[in-house]
Enquirer: 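Please read through the structure below; I'll follow up with questions.
Worth saying up front: this structure is predicted, and the values here are computed from it rather than measured.
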Amino acid sequence: MRYSRFFIPTLREVPAEAEVVSHKLMLRAGMIKKLASGIYSYLPLGLMVIRKVEDVVRRCMNEAGAIELLMPSVQPAELWKESGRWNYYGKELLRIKDRHDRDFCYGPTHEEVITDIIRSYISSYKNLPINLYQIQNKFRDEVRPRFGLMRGREFSMKDAYSFDIDDAGANLSYEKMYKAYCAVFEACGLKYKVVEADSGAIGGSFSHEFMVLAETGEDFVISCDSCNYSANLEKAICVNDHKKSGEELLPSEDVATPKAKTVEEVAAFLGMPAEKIVKTMIVRVDEKLVGIMVRGDHEMNEAKVKNYFNASVVELASHAEIEEATGGPLGYSGPVGIKVPVYGDYAVAAMANYCVGANLRETHTININHGRDFEFADVDDFRNANPGDTCCKCGGKYVITKGIEVGHIFKLGTKYSASMNATYLDKEGKRQPFIMGCYGIGVTRVAASAIEQNHDEKGIVWPVQLAPFKAVVTPLSVKEEDVVKNAEAIYNILNNMGLEPLLDDRDERAGVKFNDAELIGIPVRITVGKKTLERGCVEVTVRKTGVTEEVPVAECAHRVKDLLAELSGQI
């Protein structure tokens, strides 16, 4: 490919809309263009990278025995109503009507559609197991789309679905996908971690997330410093190892706390540590309200609350609901005398003489004690894990790192097959529901995550496996006949060797060409100049290290091939 005939609209300045590194660099490198909030056009360079990711995913999935198909992106509401997700999925589901006023949605995922396919064509255990996958654009109506391709509304995803006759077979299918996902991210040249995860809106009995490790990641990975336990923040278990307070119970007392509403403000005003203050959050769990109490220095975990109540929806109550439940204003809720049941986190259950909201404006109550002043309906793990918490597996200590979720695998069981009457005949001729698994990889997110993990002040530093071009041939002057002739020859040899070169044949200054090559992140640059040609050489520069060496023209192509192999870890 010749630069002059390609379309790479690079930008010198960082667009104001960009927040994270990948968003900034993909815009600057001319890889994407925003069309609407969370919706992007993939420009040629960006599409090349996405296709590279797709090729890796497709190869690893095929090697694992999965079979590719393609399903419609627009799905009828009837299927979603069969599974029970039409109302459960929430506002992220883009619901639409056709000209006949029939309900459809733009698919965020395809469990219903694939289950309908399988129940239509497979009726016997003899045709199982089977695993079908697709690579396709999805749409989820994110409430706050941001970070470019990291959290967009429209995105490309690989989703696969396995069908088995029993749990043993489903576990084997799950293990195959687990290994295939590891192969995908290793083949993409990414550093990643596998963590236990909450199944969320997809459902199922257990799941794992695949996290690309990056300091700019928006997800948190909880790991143990002594064993191999890892989980995402939603899933990480907080052990009930808090020692029961032996304090003498003191009489409770209402205290005026003017202009102090947050934990930090109340702690400063009363001169007490945040861990002695307890937050009482009024939460709507499906159709009922409950109070959840967590320590002031802890954060409530909505996923744990949802799982505890086996709820479809968990969200903070409205101002009016809070006032009705507590008799007091927002920001001053406490557990004493309110109209809803109160549930305590393990850490709160171990406390005594703590501070809570008094259900009165600018007032808190100190020396509150459960069992005397109010009763818990129950006690459980309702909070996010923190660094230093005890590991639930070995007793070690948790540490937290940042990551980006790029893959998620679920064991679904019979969640969809049972609700949609998708069954097969077993060996005894009895009808049984399929045991299902679901496996997703965010293809566009992988591309963005690779940049988050591989960049410097000059731009992108692509892993060789994902680079749109593996090498760029840069003649310093397009007016020097010998320079152009040698650059063309090297380019042709690299092209014939399948090394995917770009020839920068633009009539631009050397600095412009170098800056663009570094911004785009091409792994190897071959610089062809008059002075080095006089010595029979060209300069070969590795983008990742910045190391430049002079190489004889005749050996240039083979040296580039060796460098690319070294960079990709193949030798």
Side-chain angles (χ1 to χ4, degrees), residues 75 77-97 103-105 108-109 111-112 140-144 197-205 207 233-235 278-294 298-346 348-349 356-357 359 370 374-384 410 412-416 418-421:
Q75 306 175 25
E78 287 78 10
L79 289 180
W80 283 69
K81 289 175 181 176
E82 273 193 75
S83 71
R85 286 207 299 174
W86 183 253
N87 295 320
Y88 171 73
Y89 205 91
K91 294 180 180 179
E92 287 188 359
L93 185 65
L94 181 63
R95 295 166 173 84
I96 53 181
K97 288 182 180 291
D103 288 319
F104 290 82
C105 66
T109 182
E111 285 80 8
E112 286 82 1
R140 293 178 186 167
D141 203 1
E142 290 276 356
V143 63
R144 287 184 298 275
D198 184 73
S199 296
I202 302 299
S205 54
S207 67
L233 195 61
E234 289 184 335
K235 184 72 173 180
V278 175
K279 299 177 284 190
T280 306
M281 280 152 293
I282 308 303
V283 177
R284 186 189 305 107
V285 178
D286 288 340
E287 300 303 320
K288 68 177 182 179
L289 296 180
V290 300
I292 305 292
M293 297 185 69
V294 298
H298 292 160
E299 294 297 327
M300 185 185 77
N301 185 309
E302 287 189 14
K304 291 180 180 179
V305 174
K306 182 183 289 187
N307 291 335
Y308 174 86
F309 289 102
N310 193 26
S312 298
V313 177
V314 169
E315 57 188 0
L316 293 176
S318 67
H319 292 192
E321 288 172 327
I322 291 171
E323 290 180 6
E324 170 63 23
T326 67
L330 176 70
Y332 298 96
S333 299
V336 180
I338 63 176
K339 299 177 182 178
V340 299
V342 177
Y343 295 78
D345 180 69
Y346 288 140
V348 177
V356 299
N359 300 313
H370 49 275
F374 72 98
E375 296 289 344
F376 286 129
D378 197 8
V379 173
D380 210 291
D381 173 16
F382 293 121
R383 70 175 177 91
N384 290 339
F410 306 81
L412 297 176
T414 60
K415 174 180 171 65
Y416 296 92
S419 63
M420 296 180 68
N421 195 29

Enquirer: Locate the shortest heavy-atom distance separating Leu289 from Ala317; write the atom from each residue and the value.
Expert: CD2-CB, 3.9 Å

Enquirer: Starting at CE of Met281, measure out to OG of Ser333 and round the result to the nearest 0.5 Å.
Expert: 10.0 Å

Enquirer: Taking all non-hydrogen atoms of both residues into account, name the closest pair between Val340 and Ile282 and its distance.
Expert: CG2-CD1, 4.3 Å

Enquirer: Could you check whether atom NZ of Lys91 has more than 12 heavy atoms from other residues, nucleotides or ligands sitting under 6.0 Å from it?
Expert: no

Enquirer: Minimum heavy-atom separation for Pro335 and Ile338, please, with both atom names.
Expert: O-CG1, 3.7 Å

Enquirer: Using 30° and 60° as the class boundaries, would you call the ring planes of Tyr343 and Phe382 parallel, tilted or perpendicular?
Expert: perpendicular

Enquirer: Between Lys304 and Arg383, what is the shortest heavy-atom contact and its length?
Expert: NZ-O, 2.7 Å

Enquirer: About how many Å separate CG of Asp345 and CG of Asp380, when rounded to the nearest 0.5 Å?
Expert: 8.5 Å

Enquirer: Has Asn359 got a side-chain atom pairing as donor or acceptor with Gly334's backbone, closer than 3.5 angstrom?
Expert: yes

Enquirer: Atom CZ in Arg95, atom CH2 in Trp80: separation rounded to 0.5 Å?
Expert: 8.5 Å

Enquirer: Do the side chains of Glu112 and Lys81 get close enough for a salt bridge, i.e. N-O under 4.0 angstrom?
Expert: no

Enquirer: Less than 4.5 Å apart, any side-chain heavy atom of Glu142 and any of Glu92?
Expert: yes

Enquirer: Any carboxylate oxygen within less than 4.0 angstrom of a Lys/Arg side-chain nitrogen, looking at Arg85 and Glu111?
Expert: yes

Enquirer: For a salt bridge (Lys or Arg N to Asp or Glu O under 4.0 Å) check, start with the C-alpha distance between Glu321 and Lys339, then their side-chain angles and the critical distance, and finish with the verdict.
Expert: CA-CA 11 Å; Glu321 288 172 327; Lys339 299 177 182 178; over 6 Å; no

Enquirer: Salt bridge (Lys or Arg N to Asp or Glu O under 4.0 Å), that's the test. Do Arg284 and Glu315 meet it? Break it down for me.
Expert: CA-CA 5 Å; Arg284 186 189 305 107; Glu315 57 188 0; 2.3 Å; yes

Enquirer: Rounded to the nearest 0.5 Å, what separation is found between the CZ atom of Arg140 and the OG1 atom of Thr109?
Expert: 6.0 Å

Enquirer: With side-chain contact (heavy atoms from CB on, under 4.5 Å) as the criterion, how do His370 and Val342 come out once you've worked through the C-alpha distance, each side chain's angles and the decisive distance to 0.1 Å?
Expert: CA-CA 10 Å; His370 49 275; Val342 177; over 6 Å; no

Enquirer: Of the non-hydrogen atoms in Phe376 and Ala349, which two are nearest, and what is the gap between them?
Expert: CE1-CA, 4.2 Å

Enquirer: Nearest 0.5 Å please: distance from the OH atom of Tyr416 over to the OG1 atom of Thr414.
Expert: 11.5 Å

Enquirer: Would you give the length of the straight line joining atom CH2 of Trp86 to atom CG of Asp103, rounded to the nearest 0.5 angstrom?
Expert: 5.0 Å

Enquirer: If I compare all heavy atoms of Glu234 with all of Asn301, which pair ends up nearest, and what's the gap?
Expert: O-ND2, 3.2 Å

Enquirer: Is Lys279 reaching over with its side chain to a backbone N or O of His298, donor-acceptor style, under 3.5 angstrom?
Expert: yes

